[in-house]
Amino acid sequence: VALNFPTEQSSLTFGDVELKNDLSAVRNDSPLLLTRNYLHRSSSTPCLSPTGRDLQQRDRSGPIEILGHSDSFNVLKILVKDVVKAIKMGVDPLPVHSGLGGAYYFRNPRGESVAIVKPTDEEPFAPNNPKGFVGKALGQPGLKLSVRVGETGFREVVAYLLDYGHFANVPPTALVKITHSVFNVNDGVNAHKPLKKNLVSKIASFQQFIPHDFDASDHGTSSFPVSAVHRIGILDIRIFNTDRHAGNLLVRKLDGIGRFGQVELIPIDHGLCLPETLEDPYFEWIHWPQASIPFSEDELEYIEKLDPIKDCEMLRRELPMIREACLRVLVLCTIFLKEAAAFGLCLAEIGQMMSREFRAGEEEPSELEVVCLEARRLIAERELSSPKSEVGDAEFQFEIDCEEPESEFIPKMATDDSMTRASFQFGNGFVNNHHRLPLSKLEECFEEDEESELEAEQNGFSPFEALERIPSISKLSMSLRDTCLGDKSQKYSKFSGTKQENGYLTSSSGHRSANEQLPASVSFVKLADLNEEEWNFFLEKFQELLKPAFSKRKSVTVGQKQMQRLGTSCQF
């Protein structure tokens, strides 16, 4: 349906097996190759590489087709017509040289850049990445291990669809099927670019290009409007943005009478939002003075009206490929935002509760994750007290490590200075990447905690008092590490020729492959392995445990040492 050609003229293959009408042996998240008959097999998916002009004419769709029927995409239809007119006039797109993935500025008939297009198979590590960041198949863990290769494009659309009423000023974005010869197709495993450029159709994110003067890293943050910072922060909290750095906050000067020095903020690059599990987010605004100012009445009203269940229904309808694990993160974070705002927390306090800390070189669970761990413990207690114990629905299981040998490596916590956060400079901004470890099956076994909680129950403490009596996140982190995360001394993976050096898995040749470009983060909390009944019980307990956690956050003394985070702006 997306590529608009008859099934009798195409073939669907899984590995070397051609599939007929039986998909029972194929997992829902398995990458399949869809090709037209009489076409040579492309290394990209679902890209098509026509071998003749007559074959290309069989595709009756236009050069750009919007995938989706939301009224939110209406504003892009005029833009698409303009771009198509320019393509037919011979106005070619311009490749974007910054960043890690393939991106292209598409222009209007006057030669002005009006849209930025990012093909899904040219993302970092994807098969057709034009900048050498290759080495993984679509569906494998990407830059963030909780965001798969080829799946950042629809996340860009998610941020736009969730920005109701253009509240945070996200530029209009849609998924499209787009055909042009400018796109990159690597030649097999060597990632060499073919000399001859053929027309190729790709699935890509298509976002309106917003003219701007600079980004937030080039401008003092004191002039940023409080409302703009709050609105972008509210969106980032909802979608658990793991990559809100200064480079993806565009700044545009507002010219006119009485507007001297006023600016407008435009948030872009939301491909690393809604990970499949909780990890460490990155909020550039967390130490800006604006984030410590209380929410306005309008902002509180907006937050109160948010409905995560309706959000999920809308996203399933508009983006059927979205994973259930991502939607659970959306539900959890929206509930957290609504409860925190109603309790009276400001944006900075909410962001701090979601962010992890490093103490003595150790990455520790955030306050949000601590609450989730406590809710999971209550689920485990209920299951132990009930003889009926069933495995969670397979539909909600996401084993990100299915194709990754590294992911079977027992995760361990950072133990030296080389494991601390690193900031990688990319293009005109930077991507802040913390020490990342592979997503694994993290068993939530708390031997020490169970003993202490048994003692607490004997002394007459309720679960809420037990949560408040947690002396520090450090103690919980130590308990997690001692009981679940393996031996610190383990340096080698069970796979030959691979060892861990300075937080990276390194091959015996000493070179880092594309699979090992960035370090990874341990996963403290899993959400996708819960069946529907357990998930509902988890949410119920999660909400009950939030108020003690909020009270604890409010009671933090003003003189307490501020959380150390890397950023381009000074700390507040």
Go through His245 and Tyr282 one step at a time and tell me if the ring pair (Phe, Tyr, Trp, His ring centres under 6.0 Å) criterion holds. CA-CA 7 Å; His245 61 81; Tyr282 184 73; 7.5 Å; no

Would you please say whether a donor-acceptor pair under 3.5 Å links the side chains of [X] and [Y]?
| X | Y | answer |
| --- | --- | --- |
| Asn241 | Asp236 | yes |
| Glu369 | Ser366 | yes |
| Ser146 | Thr277 | no |
| Asn169 | Glu264 | yes |
| Thr173 | Gln207 | yes |
| Asn184 | Asn128 | no |

Salt bridge check: are [X] and [Y] linked by an N-O gap of less than 4.0 Å?
| X | Y | value |
| --- | --- | --- |
| Arg359 | Glu364 | yes |
| Glu151 | Arg323 | yes |
| Lys144 | Asp280 | no |

Output all residues satisfying ring pair (Phe, Tyr, Trp, His ring centres under 6.0 Å) with Phe336, sequence neighbours left out; order by chain, then residue number. Phe550

Begin from the C-alpha positions of Phe183 and Tyr104 and carry the test ring pair (Phe, Tyr, Trp, His ring centres under 6.0 Å) through to its verdict. CA-CA 8 Å; Phe183 296 130; Tyr104 305 86; 5.2 Å; yes

Donor-acceptor pair, distance only, cut-off 3.5 Å: does the side chain of Asn74 make one with the backbone of Asp71? yes

Which residue pairs pass the side chain to side chain donor-acceptor pair (under 3.5 Å) test with at least one member in residues 330-344, sequence neighbours excluded? none

The residue among Leu265, Asp215, Asp213 that forms side chain to side chain contact (heavy atoms under 4.5 Å, CB included) with Val251 is Leu265

Ring-face cation of Arg244 near Phe283 (centre distance under 6.0 Å, axis angle within 45°): no

